[in-house]
Trainee: 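First the structure, then my questions, so here it is.
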There are 2 protein chains.
Amino acid sequence: MYSKELLKGTISAIILKLLSEHERMYGYEISMRVKDLTDGKILLKDGSLYPALQKMTADGLLSFKEEEVGGRTRKYYYITKLGQKEKTVFVEELKDFIETMNKIISPEFKPV
Amino acid sequence: MYSKELLKGTISAIILKLLSEHERMYGYEISMRVKDLTDGKILLKDGSLYPALQKMTADGLLSFKEEEVGGRTRKYYYITKLGQKEKTVFVEELKDFIETMNKIISPEFKPV
DNA sequence: TTTTGATATATCATATTACGATGTATATTT
DNA sequence: AAATATACATCGTAATATGATATATCAAAA
């Protein structure tokens, strides 16, 4: 697991990216998916995930629909049009940032 | 310029990396160097840089020597042995993090 | 001549944000 | 019966980058 500081500013981008590819996902599903995708290197803790989902909904990036599944209430989140726009911005910025950091950290490394 | 959140946790790594390659540098020089290396995309503001240098010195990662240059006091910073060790750890973590983020953000992109 | 901009350092309050701790509740596995 | 996985939520804390502010020298431009 990475230092939590490194993750700052990336959680929203990750959530938006996943939801732009999956139509709808619920919180727990997102955290499991991220865990899988990163071989357990990024663990979205519930203390981070649920507040993030709520804030993103408040900001109009996501919407949700509650459904009863096996006696439990499940919140399915969808990405909004605004979220799609933000996703592009976030992801582009993140890509650019990664390239820039690579220049400093690994000057010998050149992406294809 | 990137959102400040993205930079969290990377500033120390950047400073350690530069000082591991330059024997000694002073604050302003570091900020200029980072600006150059990143085409102005990362600007270490003085409100971030000087506290960071002080904290890293307090943590034993850096040492410094004051010198008078043109009537002004200049603090030359050196990386310590502990700093060298930390640099390896930080930079490796950052590289690994970058790779992991790439997996999520650009699943089609494979580093060489 | 004055003032702007670059050089060079520093401190403090603020805002952001990920996370640990804690709580609730059901279903499944041991 | 107990432990684990599923599924959500809230609150206080800690870390940290930055804006604002301050001080001071020097060169160049207005």
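Every chain is numbered from 1 and lettered A, B, ... according to where its sequence line falls, protein lines coming before strand lines.
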Trainee: Let me spell it out: for each of A:Val69 and A:Lys4, pick the nucleotide of DNA chain D with the closest heavy atom. Which residue's pick is nearer the 5' end?
Mentor: A:Val69
Trainee: Checking all strands, does B:Glu29 fall into the base, sugar-phosphate, or nothing category for heavy-atom contacts under 4.0 angstrom?
Mentor: nothing
Trainee: Write down the distance between CG (A:Leu6) and P (C:dT16), rounded to a whole number of angstrom.
Mentor: 21 Å
Trainee: Over how many whole Å does the gap from B:Ile15 atom CD1 to D:dA17 atom C1' extend?
Mentor: 12 Å
Trainee: Would you kindly give the NZ-to-P distance between B:Lys55 and D:dA14, to the nearest whole Å?
Mentor: 14 Å
Trainee: Are any of the side-chain heavy atoms of B:Met101 and B:Glu99 separated by less than 4.5 Å?
Mentor: no
Trainee: For the pair B:Phe97 and A:Tyr2, name the ring-plane relationship: parallel under 30°, tilted 30 to 60°, perpendicular over 60°.
Mentor: perpendicular
Trainee: Would you say A:Glu92's side chain and A:Val89's backbone share a donor-acceptor pair under 3.5 angstrom?
Mentor: no
Trainee: Please state how far atom NZ in B:Lys8 lies from atom P in D:dT16, giving the value in whole angstrom units.
Mentor: 8 Å
Trainee: Any N or O donor-acceptor pair linking the side chain of B:Lys75 to the base of C:dT9 at under 3.5 Å?
Mentor: no
Trainee: Say whether B:Glu68 and B:Thr73, considering side chains only, have a donor N or O and an acceptor N or O under 3.5 Å apart.
Mentor: yes
Trainee: What's the OH-C1' distance between B:Tyr28 and D:dT25, to the nearest Å?
Mentor: 13 Å
Trainee: In whole Å, I'd like the distance from the CZ atom of B:Arg72 to the C1' atom of C:dA10.
Mentor: 15 Å
Trainee: Can you find a side chain N or O atom of A:Tyr26 that sits less than 4.0 Å from OP1 or OP2 on D:dA7?
Mentor: yes
Trainee: To the nearest Å, give me how far apart CG (A:Leu49) and P (D:dT10) are.
Mentor: 13 Å
Trainee: Would you say C:dT11 has OP1 or OP2 under 4.0 Å from some side-chain N or O of B:Gln54?
Mentor: yes
Trainee: What are the residues of residues 40-48 of chain A, sorted by number, that bring a heavy atom to within less than 4.0 Å of DNA chain C?
Mentor: A:Lys45, A:Gly47, A:Ser48
Trainee: Heavy-atom nearest nucleotide on DNA chain D for A:Tyr50 versus A:Glu5: which residue maps closer to 5'?
Mentor: A:Tyr50
Trainee: Between C:dT26 atom P and A:Glu68 atom CD, what is the distance in whole Å?
Mentor: 11 Å
Trainee: Work out which heavy atom in B:Thr80 is nearest to a heavy atom in B:Ser63; give both atom names and the distance.
Mentor: CG2-N, 3.8 Å
Trainee: So is B:Arg24 actually on top of B:Tyr76's ring, under 6.0 Å and inside 45° of the axis?
Mentor: yes
Trainee: Give a yes or no answer on whether the side chain of A:Lys35 reaches the backbone of A:Leu43 with a donor-acceptor pair at less than 3.5 Å.
Mentor: no
